Number of protein chains: 2
Amino acid sequence: MNTTDAKALLKTHISKVTTLTDEQFDYIFSHFQYQQYKKGQTIVTEGRPVNCEYFVLSGCLKSFFINDELKMFILQFAMPTWWTSDYNALYSQHKATINVDCITDAEVLCLSNEDREKICREIHNVEYFFRWRTNKGYVASQKRLLSFMNNNVKYRYEELLALYPELYNIVPKNLIAAYLGVSRETLSRLYTPEK
Amino acid sequence: MNTTDAKALLKTHISKVTTLTDEQFDYIFSHFQYQQYKKGQTIVTEGRPVNCEYFVLSGCLKSFFINDELKMFILQFAMPTWWTSDYNALYSQHKATINVDCITDAEVLCLSNEDREKICREIHNVEYFFRWRTNKGYVASQKRLLSFMNNNVKYRYEELLALYPELYNIVPKNLIAAYLGVSRETLSRLYTPEK
DNA sequence: TTCCAGATGTGATGTAGATCACGTGATGGC
DNA sequence: GCCATCACGTGATCTACATCACATCTGGAA
């Protein structure tokens, strides 16, 4: 993807929420940095500082946590026009406690914490945009939590696929299982006829 | 609590995050409405419209969901200086899908959706404050989700009490169980010596 | 072409927590 | 002061899902 397309994607994304003049948009775009990654590459690493958040242009990322028994839990998949990072570490300026890596080859725009705060301070509508975006994330997270407490694996699996059908083709089942918080064996058994 | 104290509590709370002149604070405070509730009273009701979010001055609220089998799941407790509402319904202008009620007698300041948006638009630092607050909520929600997937009930119970020791004395165990997503019986058995 | 690692299926067995059932003690409304 | 309701404990049993073990298939690297 060339810079023009990347710019258009971000602009369309932001325009759905707030209005910016072309000059304002050019200005904020100048704070983003284009980056390309290969399948399997790590973008955010546990234990290292986190400086940026990432706007996905193409491909698919995952943010995940590995516990002491080396079991992986996926917090979020990130498809084009989604944002991702270790927000806990980013906002509180701690080292990362989660990882972000690439499920497929991917292109992102990265925005540093300082630059986000700077453009939020400088342009009120940008501040509004990021408030809106975090609201969305918060509400989605609450819904997922509720579904976790309320629904069994099969329901949650179907809910996920209904919401993001494209994941079915891109993401291997063991990662879907790690998102649902279930073992890959159990996920695999969901649709086998009961003996 | 009188208006002066309520005002001071909100002001202190906001001042930790951003700076407002006295005039600005007086102005935004004029958009809040003081309300008093008795233990057990409902503030937000499933199926009804939601217009406001609530800043807790005193007492303890809970926001919760009741599923088809009448099982209750608690999304959040709200103690003094916490905010609560059905944010999903509030932002998207749908009817409430969750309830908010009072675990103890409580006093709140309520702020309508339109007024929040209005004061956010009018005062940049207020927009900043609400972005910051939602960030906090988002990060906390992600952490809880992770703990849910990663830790067993006992660990989550101790984590909750370590974070909010005051809940132990105020909130009955069946509600703690509903927050942890576990049956009250299991919670009750956590500390009985194994037979 | 060969080979190896990753993705997936499936059987056998273990276990955390759910559910049902019942009992006791506290408390608050009338 | 009575009684209904709620909070809480605890035994017996059930079940969804985890874990371990092993097999098959596939695609990509050497």
Side-chain angles (χ1 to χ4, degrees), chain A residues 38-42 60 62 64-74 77 101-105 145-161 167-195, chain B residues 38-42 60 62 64-74 77 101-105 145-161 167-195:
Chain A
K38 287 280 168 203
K39 176 176 174 174
Q41 265 194 288
T42 297
C60 183
K62 67 176 191 284
F64 61 101
F65 174 77
I66 307 270
N67 75 2
D68 301 339
E69 292 101 45
L70 300 183
K71 213 165 137 179
M72 177 197 296
F73 300 96
I74 293 183
F77 294 113
D101 72 11
C102 300
I103 296 178
T104 67
D105 290 357
L145 193 61
L146 209 48
S147 187
F148 223 94
M149 294 200 276
N150 193 15
N151 303 123
N152 64 17
V153 178
K154 187 169 182 184
Y155 189 95
R156 268 149 46 213
Y157 180 57
E158 289 169 0
E159 188 177 52
L160 177 67
L161 291 188
L167 289 179
Y168 188 82
N169 300 310
I170 297 174
V171 179
K173 296 283 171 64
N174 61 331
L175 296 185
I176 303 272
Y179 180 89
L180 296 173
V182 79
S183 72
R184 58 162 204 87
E185 291 95 330
T186 297
L187 184 63
S188 162
R189 273 186 262 259
L190 282 185
Y191 293 96
T192 57
E194 68 280 27
K195 52 188 168 193
Chain B
K38 287 279 167 202
K39 176 177 174 172
Q41 264 193 291
T42 297
C60 182
K62 68 176 190 284
F64 61 102
F65 174 76
I66 307 270
N67 76 0
D68 300 340
E69 293 101 44
L70 300 182
K71 213 165 138 177
M72 177 197 296
F73 300 96
I74 294 182
F77 294 112
D101 72 10
C102 301
I103 295 177
T104 66
D105 290 356
L145 193 61
L146 208 49
S147 187
F148 222 94
M149 296 199 276
N150 194 14
N151 304 124
N152 65 17
V153 178
K154 188 169 181 183
Y155 188 95
R156 270 149 46 215
Y157 179 58
E158 289 169 1
E159 189 177 51
L160 177 67
L161 291 189
L167 288 179
Y168 189 83
N169 300 311
I170 296 174
V171 178
K173 296 282 172 66
N174 60 332
L175 296 186
I176 302 272
Y179 179 90
L180 297 174
V182 80
S183 71
R184 59 162 203 87
E185 292 94 331
T186 297
L187 184 63
S188 162
R189 272 186 263 260
L190 282 185
Y191 293 97
T192 57
E194 68 279 26
K195 50 186 170 192

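Keep in mind the model is a prediction, meaning the values are calculated, not measured.
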* Of the options F148(A), Y157(A), F77(A), which is the one that meets Y179(A) in a ring-ring contact (aromatic ring centres under 6.0 Å, His included)? -> F77(A)
* Asked: Roughly how many Å is it from CG in N152(A) to C1' in dA18(C), rounded to a whole number?
  -> 14 Å
* Would you mind telling me which residue lines up with the more 5' stretch of DNA chain D, R184(A) or T186(B), judged by nearest nucleotide? => T186(B)
* If you look at every strand shown and take non-hydrogen atoms under 4.0 Å, does G181(A) touch a base, only sugar-phosphate, or nothing? -> sugar-phosphate
* Any donor-acceptor pair under 3.5 Å between the side chain of E185(B) and the base of dC8(D)? -> no
* To do: Check whether the side chain of R189(A) and the base of dG11(C) form a donor-acceptor pair under 3.5 Å.
  => yes
* Asked: For the pair made of OH in Y155(B) and P in dG17(C), what is the distance, rounded to whole Å?
  -> 15 Å
* Asked: What is the distance from atom CG of N152(B) to atom CD of E158(B), rounded to the nearest 0.5 Å?
  -> 8.5 Å
* Asked: Once you round it to whole Å, what is the distance between C1' of dA18(D) and CE of M149(B)?
  -> 16 Å
* Asked: Which whole-number value in Å describes the distance from F148(B) CZ to dG17(C) P?
  -> 11 Å
* Asked: Rounded to the nearest 0.5 Å, how far does CD1 of I103(B) lie from CZ of F64(B)?
  -> 9.0 Å
* Structure fact -> side-chain contact (heavy atoms from CB on, under 4.5 Å) filter on S188(B), not counting sequence neighbours, yields none
* Asked: Given atom NZ of K154(A) and atom C1' of dT15(D), what is their separation to the nearest angstrom?
  -> 16 Å
* Structure fact -> Per the under-4.0 Å heavy-atom filter, residues of residues 169-178 of chain B near DNA chain D come out as P172(B), K173(B), N174(B)
* Side chain of D105(A), backbone of K39(A): donor and acceptor closer than 3.5 Å? -> yes
* With distance as the sole test, does R156(A) use its side chain to make a donor-acceptor pair with the main-chain N or O of L180(A) at under 3.5 Å? -> yes
* Whole-Å distance separating the CE atom of M72(B) from the P atom of dC6(D) -> 11 Å
* **Pairwise distance OG1(T186(A)) to NZ(K154(A)) - rounded to 0.5 angstrom** => 13.5 Å
* To do: Let me know the distance between OH of Y191(A) and P of dT8(C), rounded to the nearest Å.
  => 15 Å
* **Whole-Å gap separating P (dG17(C)) and CG (N151(B))** => 11 Å
* Most 5' of K39(B) and S183(B) on DNA chain C, judged by nearest nucleotide -> S183(B)
* To do: Identify which nucleotide among dG17(C), dG9(C), dT19(C) has an atom closest to any side-chain atom of K71(B), counting heavy atoms from C-beta outward.
  => dT19(C)
